[in-house]
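All chains are named by letter (A, B, ...) in the order of the sequence lines, taking the proteins before the strands, and each is independently numbered beginning at 1.
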Amino acid sequence: MKTSYSEKVHTWGRIWCSLALVMLMLFPAAASIYYNAWPDGMALLKGLMGVVPIFWTVGAIEAFTYSPMLGSGGSYLGFVTGNIANLKLPCALNAMEIAGVKPGTEEGELISTISIAVSSIVTTLIIIAGVLLLSWLQPILESELLAPAFANILPALFGALAVVFISKNWKIALAPLLFMLVLFIAVPSLAESVSVLVPVGAIIAIAAARVLYKKGYL
Amino acid sequence: MRDFDLNSIVLFVTAGVIILFVIAQSVFFLRQAWRRARELGIEARVLRRVARSSVVFTIAPAIAIILGVITLSRFLGLPLPWLRLSVLGALTYELPAATSAAAALGVPVSEGVTDPKTYSTIAWVMTLGIMSGLIIVTLFLKKIQGGIQSLKKRDTRWGEIFLTALFMGMISAFLGMIFADITAGLKGWIPVFVMIISSLLMLICGFFVKVLKVKWMEDYALPISMLGAMALSIPITRLLG
């Protein structure tokens, strides 16, 4: 039974994600056809040259770093719906913690998929509501009063996450944490490329964990 | 040629259809995972708790995404940012992608696009430029997951530690980022203080759950801490900003 579910997830995932890739192209294609305005080859190439080298690399890194944590179903969904590091992954982590299941097990896979699916649906609906109510919402969301709250959403999220997960795994977290602290304080401009540094943190954590494990400290 | 309108109904409908597709995909995976979880004997009560806490947790980050839609809409109208931020993207990618495409075309990002060709070029760049993650997952996820499973088979304990280490690496990178501006004076410490407050709120929630046995709070501890810290970031910024 176990293999059959995980086999099926990959079949479903590949079908849905292939369709999603086609669907995503639908928008620029529709805009080009409707306005009879296809991009000039050179302009498109120039535009892509500015984006592809960085974003294709980041996308590849994310696929390899996040998918083991998200699980199969969670990855097939998360990589279509986006906002992984700031939303889907913390959501799945929290869900697995609440349900008392571990990532990498079938139970963890299912709980992660459920939480990412629910989160994706809710996110999409909230954005739809936001678009519909935009004229009413815009002055509130862009008010000076609320600006600091939205500017600090990541510290507010990761502070709480850190308490739960680092307290349990502080031995593994120590080396990557120290490295990242020193790195970001020394080179503040790196804050913009944090997603590139996630795999660096992961490699340091894995290396440190390996040493600790071999020496019997874990 | 038709008059170009950034907010034309055709663009809205196209974006809407794609977004409906993505909702359908989420519903499909939700149903399958739910069914399988019930087969494995995970109680519906637990699954409902997971779903409820995911709903509550999602609200604040999702509202922040609307802000991203607003930011991009001044330049690109509503349909394209609505689509891009509902599907695949995050503002951290979409904004630079749009900016870079605009720079290549020599148009300013501070005002709405008026030329349909410019618009379609930007739409193509944003679509084709941010695709690799999805392509890799579609083609190679089975291999990646197979690798993780075989790692676990060889040594179960190490397999678990390996996944934990991945999480720690990610959390460390984001925690480190919070300290990026501390050399810029007191103002640069604001994110650090917000992080500390969020941690303290989480500890208080933990006290309520574990010591005072307020069980319902367990499911909402993360959103409570997050929203509390976001709210308190307002007076902190006033004081130090």
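With chain A as the partner, the residue from B/Asp115, B/Leu203, B/Leu175 showing the most heavy-atom pairs under 4.5 Å is B/Leu175. Of all the listed residues (B/Ser132, B/Ser225, B/Gly176, B/Gly169), the one sharing the greatest number of non-hydrogen pairs under 4.5 Å with chain A is B/Ser132. By number of non-hydrogen pairs under 4.5 angstrom with chain B, the leading residue of A/Ser18, A/Gly104, A/Ala31 is A/Gly104. Taking chain B as the reference chain and counting heavy-atom pairs below 4.5 Å, the highest number among A/Leu197, A/Val187, A/Val52, A/Thr124 is found for A/Thr124. Listed options B/Met126, B/Glu43, B/Lys152, B/Glu218 were ranked by heavy-atom pairs under 4.5 angstrom with chain A; first place goes to B/Lys152. When A/Thr57, A/Ile153, A/Leu26 are compared by the number of non-hydrogen pairs under 4.5 Å with chain B, A/Ile153 comes out ahead. The choice from A/Ala43, A/Ala30, A/Gly201, A/Pro39 that makes the most heavy-atom pairs within less than 4.5 Å of chain B is A/Pro39. Interface remark: of the candidates B/Ser54, B/Ser100, B/Ala184, B/Ser54 forms the most heavy-atom pairs closer than 4.5 Å to chain A.
Judged purely by atom type and a 3.5 angstrom limit, B/Ser73 has no side-chain atom pairing as donor or acceptor with the backbone of B/Leu78. The closest donor-acceptor contact from the side chain of B/Ser120 to the backbone of A/Ser32 lies at 3.5 Å or more, if one exists at all. With hydrogens and angles disregarded, a donor-acceptor distance shorter than 3.5 Å links the side chain of A/Glu109 to the backbone of A/Ser72.
Contacts of A/Val163 with chain B are made by side-chain atoms alone, with heavy-atom separations under 4.5 Å and no backbone atom involved. Looking at A/Tyr66, only its side chain comes within 4.5 Å of chain B, counting heavy atoms on both sides. There is no contact between A/Ile204 and chain B, counting heavy-atom distances below 4.5 Å. For A/Ala129, no part lies near chain B; criterion is any non-hydrogen pair under 4.5 Å. A/Ile128 touches chain B through backbone and side chain together, each having a heavy atom under 4.5 Å away. Residue A/Ile84 does not touch chain B at all, counting heavy-atom pairs closer than 4.5 Å. Looking at B/Thr138, the atoms closer than 4.5 Å to chain A (heavy atoms on both sides) sit in the backbone and in the side chain alike. Contacts of A/Tyr213 with chain B are made by side-chain atoms alone, with heavy-atom separations under 4.5 Å and no backbone atom involved. Contact of A/Ile203 with chain B is not made at all, since no heavy-atom distance falls under 4.5 Å. Only the side chain of A/Val58 comes within less than 4.5 Å of a heavy atom in chain B; its backbone stays farther off. Both the backbone and the side chain of A/Pro90 come within less than 4.5 Å of a heavy atom in chain B. Proximity to chain B is limited to the side chain of A/Glu62, based on heavy atoms less than 4.5 angstrom apart.
When the shell of 6.0 Å around CZ of B/Phe140 is examined, it contains 12 or fewer heavy atoms from other residues, nucleotides or ligands. The environment of CD in A/Glu192 is sparse: at most 12 heavy-atom neighbours from other residues, nucleotides or ligands sit within 6.0 Å.
Taking the six-membered ring for Trp and the full ring otherwise, the centers of A/Tyr35 and B/Phe4 sit less than 6.0 Å from each other.
For the 3.5 Å distance criterion, the side chains of A/Ser67 and A/Ser75 fail to qualify, holding no donor opposite an acceptor.
One finds the OH atom of B/Tyr119 at 4.5 Å from the CG atom of B/Leu80 (value rounded to the nearest 0.5 Å).
Residues satisfying the salt bridge (charged side-chain N to carboxylate O under 4.0 Å, His left out) criterion with B/Lys142, sequence neighbours excluded, are A/Glu7.
Legend: ring-ring contact (aromatic ring centres under 6.0 Å, His included) pairs involving residues 72-123 of chain A, not counting sequence neighbours, sorted by first then second residue: A/His10-A/Tyr76.
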